[in-house]
Amino acid sequence: MKGSLLSFKPQVYIKDLSRHVGEEVVIKGWLYNSRSSGKILFPQLRDGTGIVQCVVLKSAVSPEVWEALDHLGQESSLVVRGKVREDARAPGGYEIEVTDAEVVQAATGYPITPKEHGVEFLLDHRHLWIRSRRQHAILKVRHTVVRAVRDFLDQEGFILCDAPILTPAACEGTTTLFEVDYFEDEKAYLTQSGQLYNEATAAAFGRVYCFGPTFRAEKSKTRRHLTEFWMVEPEMAYATIDDVMELSERFLTAIVARVLDERREELKLLERDTAKLERIAPPFPRLHYDEAVRILQEGHERGALEDRFEWGGDFGAPDETYLSQQFEKPVMVHRFPAAVKAFYMARDPERPELALGVDVLAPEGYGEIIGGGERAASLEFLEEQIREHNLPREAFEWYLDLRRYGSVPHAGFGMGIERCVAWLCGIEHVRETIPFPRMLYRLRP
RNA sequence: UCCGCAGUAGCUCAAUGGUAGAGCAUCCGGCUGUUAACCGGAGGGUUGUAGGUUCGAGUCCUACCUGCGGAGCCA
């Protein structure tokens, strides 16, 4: 009878099938792939929680059901009823002996076939690509990373206090921002960081974090860049650069442990070498910038790096890769030349030419996943920095208030979710770590 | 923005300057245990665009468009 299976309750999910062996269940899903052999069909059904092979014998179902399933196209939506059986021949170990089925919508010509496809084609069909096993695994890891981030910070007493997405000025004055034409007499921009607002909320709540999308209008075109990405930024009042390094270590360790605990299956599907992740535990190596420069220069002398790195610059991608490859754990590089860092960074009292900033480089060449440090607490110093960087003073008046009314040493960092997920999954490109990547030249779907 | 590479069937790719082809997908047929199933058949093309060289261009030349990889910048 039409509609009877579609509205059937309770719906059983494929991930729970092992608890229903011997029972008759109803699964609602989509046709992942199908093989036929005359009077027997092997449709593979996915429902978002997993994939299960069904067995349809022509002799066991009505002629209507057989007819409906016999030539059903990939990704057709359907509901099946059948008995759960353990069978070693089935991928996944369980299968459904189908007794009844109902096609919700018969699809034809699904573009993503079980064969290879190019990147451009897959990205053009991202809305469908996310149905495939590999993308599913990556996005589940992302989900777990986000949960781990929130749980860790919540347990550490951080208050979620999100920063605005529409902002009146650049945080750091250097990067290119997305302009929004809406507010009268004033340009607005999409945020590049919640940093400055975090400093306000940290002074209100002590320990805070914001977690949301971030936008960079740079013409970056590499495997580590998105124009829209997600960043989590904790900030602590009465804290120093050392507190930031200590928190970063425990933070990353907690995330890795959670993913290893909950996403073994997904990491296995992605062929991730989990032994490399098992090693992630405090303490992480801490490298003074001077020492990092020495290592890079040695690397150049040994022929491992093309260009000789000179003291004073910021690391390029090959430099970060080389540094991270010298260690098995994330490496924390601290105390950069102030000239290459943001205006709000505090200075090293012993060497004022250095900023109390720290970058955490992920292992295996995944680059910078965390950037942070101690913020300048002095009103006079910040006023001078704003002048030197040619920033619009009016836009920063509220920020300067934070130094007028109870200024304290404070520090924090930001972590890019996509780079973190790419590292944990061991995948080439960050574009696969977000459901709908936004990149230079890619706005659709 | 700069450097490098690539655009041929729905997809992935072939084709010495000389008749545009294969696998998958689609449609039809066969097969009661398939594992990216297999076997047989059919349909499917303005070779990214515009110009040029040539008896003849998918192939050589020029410009443009689109995408990919990387750099700079950054998380």
Side-chain angles (χ1 to χ4, degrees), chain A residues 32-44 51 53-60 66 70-71 73-75 85 87-93 95 97 107-125 128-129 132-133 170-177 192-195 213-233 306-307 313-321 340-342 359-362 366-372 413-423 428-431 433-434 439-442:
Chain A
Y32 192 75
N33 195 9
S34 189
R35 303 182 189 90
S36 75
S37 186
K39 306 290 182 289
I40 183 168
L41 297 177
F42 298 97
Q44 288 190 321
I51 297 175
Q53 171 168 290
C54 301
V55 184
V56 186
L57 290 170
K58 191 171 186 180
S59 57
W66 177 262
D70 194 16
H71 288 109
Q74 198 186 344
E75 287 301 323
R85 199 178 60 194
D87 193 314
R89 290 172 294 186
E95 61 184 22
E97 287 181 305
T108 54
Y110 184 71
I112 302 179
T113 63
K115 293 284 176 177
E116 308 160 29
H117 298 284
V119 179
E120 187 187 355
F121 178 81
L122 289 169
L123 283 171
D124 282 342
H125 295 84
L128 304 175
W129 188 21
S132 69
R133 277 183 215 263
C171 277
E172 304 173 12
T174 48
T175 47
T176 324
L177 302 185
Q192 68 173 161
S193 164
Q195 167 58 36
T214 305
F215 307 87
R216 306 273 165 96
E218 255 137 22
K219 304 289 184 197
S220 299
K221 200 171 143 39
T222 79
R223 71 186 72 182
R224 297 179 306 279
H225 286 87
L226 296 170
T227 54
E228 178 184 319
F229 65 96
W230 283 65
M231 188 154 68
V232 57
E233 298 176 89
E306 205 173 313
D307 301 316
D314 207 351
F315 303 136
D319 304 317
E320 286 187 354
T321 301
V340 301
K341 287 292 173 186
D359 282 358
V360 182
L361 307 178
Y366 278 92
E368 182 184 347
I369 51 170
I370 284 180
F413 66 81
M415 182 182 79
I417 293 297
E418 289 77 15
R419 284 190 185 176
C420 180
V421 174
W423 163 48
E428 273 291 295
H429 205 298
V430 291
R431 66 186 161 214
T433 64
I434 187 167
M439 298 176 286
L440 185 63
Y441 309 131
R442 183 159 296 275

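The model shown is predicted, which means the values in this text are computed figures rather than measured ones. Labels below follow one simple rule: chain letters A, B, ... track the order of the sequence lines, proteins then strands, and each chain is numbered from 1.
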Need to verify one output field. Residue with the more 5' nearest nucleotide on RNA chain B, A/Gln53 or A/Thr113?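 It is A/Thr113, whose closest nucleotide lies nearer the 5' terminus.
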Between A/His117 and A/Arg35, which residue's closest nucleotide on RNA chain B lies nearer the 5′ terminus?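 Checking each residue's closest nucleotide, the 5'-ward one belongs to A/His117.
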Nearest-angstrom distance from the residue atom [atom1] of [X] to [atom2] of [N]:
X: A/Asp70; N: B/U26; atom1: CG; atom2: P; result: 13 Å
X: A/Leu57; N: B/U34; atom1: CG; atom2: C1'; result: 12 Å
X: A/Leu440; N: B/C68; atom1: CG; atom2: P; result: 9 Å
X: A/Phe121; N: B/A25; atom1: CZ; atom2: P; result: 14 Å
X: A/Asp124; N: B/G67; atom1: CG; atom2: P; result: 9 Å
X: A/Arg89; N: B/U32; atom1: CZ; atom2: C1'; result: 11 Å
X: A/Leu41; N: B/C31; atom1: CG; atom2: P; result: 13 Å
X: A/Leu122; N: B/G10; atom1: CG; atom2: P; result: 17 Å

Counterpart base for [N], defined by Watson-Crick or G-U wobble contacts under 3.5 Å:
N: B/G29; result: B/C39
N: B/U46; result: none
N: B/U53; result: none

Taking the same atom, [atom1], in [N] and in [M], what whole-Å distance lies between them?
N: B/A9; M: B/C24; atom1: C1'; answer: 12 Å
N: B/U19; M: B/U59; atom1: C1'; answer: 16 Å
N: B/U8; M: B/U53; atom1: P; answer: 26 Å

Would a 4.5 Å heavy-atom cut-off, applied to side chains only, mark A/Glu306 and A/Pro318 as touching? no
Are the side chains of A/Val119 and A/Arg431 in touch, meaning some heavy atoms are under 4.5 Å apart? yes
Please state whether the phosphate of B/A71, meaning OP1 or OP2, lies under 4.0 angstrom from any side-chain nitrogen or oxygen of A/Arg224. yes
Given B/C68, is OP1 or OP2 found less than 4.0 Å from the side-chain N or O atoms of A/Lys221?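 Yes, within the criterion.
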Touch class at under 4.0 angstrom, heavy-atom based, for [X] against every strand present:
X: A/Arg133; answer: nothing
X: A/Gly316; answer: sugar-phosphate
X: A/Glu95; answer: base
X: A/Met415; answer: nothing
X: A/Gly118; answer: sugar-phosphate
X: A/Pro91; answer: base
X: A/His429; answer: sugar-phosphate
X: A/Leu226; answer: base
X: A/Thr214; answer: nothing
X: A/Asp314; answer: sugar-phosphate

Answer yes when A/Arg442 and A/Asp124 have at least one side-chain N-carboxylate O distance shorter than 4.0 Å, and no when they do not.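 Yes, this pair counts.
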N/O donor-acceptor pair under 3.5 Å between A/Arg419 side chain and A/Arg224 backbone: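 Such a contact is found between A/Arg419 side chain and A/Arg224 backbone.
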We want to know whether A/Ser193 and A/Glu233 form a side-chain donor-acceptor pair, criterion being a heavy-atom distance below 3.5 angstrom. yes
Per the atom types in the model, does the base of [N] pair as donor or acceptor with the side chain of [X] at under 3.5 Å?
X: A/Ser220; N: B/C74; result: no
X: A/His71; N: B/C27; result: no
X: A/Arg419; N: B/C74; result: yes

Is there aromatic stacking of A/Phe42 against B/G33, centre distance under 5.5 Å, plane angle under 30°?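 It does not: the ring fails the test against the base of B/G33.
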State, to 0.1 Å, how close A/His225 and A/Met439 come at their nearest heavy-atom pair, and which atoms those are. O-CG, 4.2 Å
Nearest heavy atoms of A/Arg35 and A/Gln53, plus distance in Å: NH1-OE1, 4.1 Å
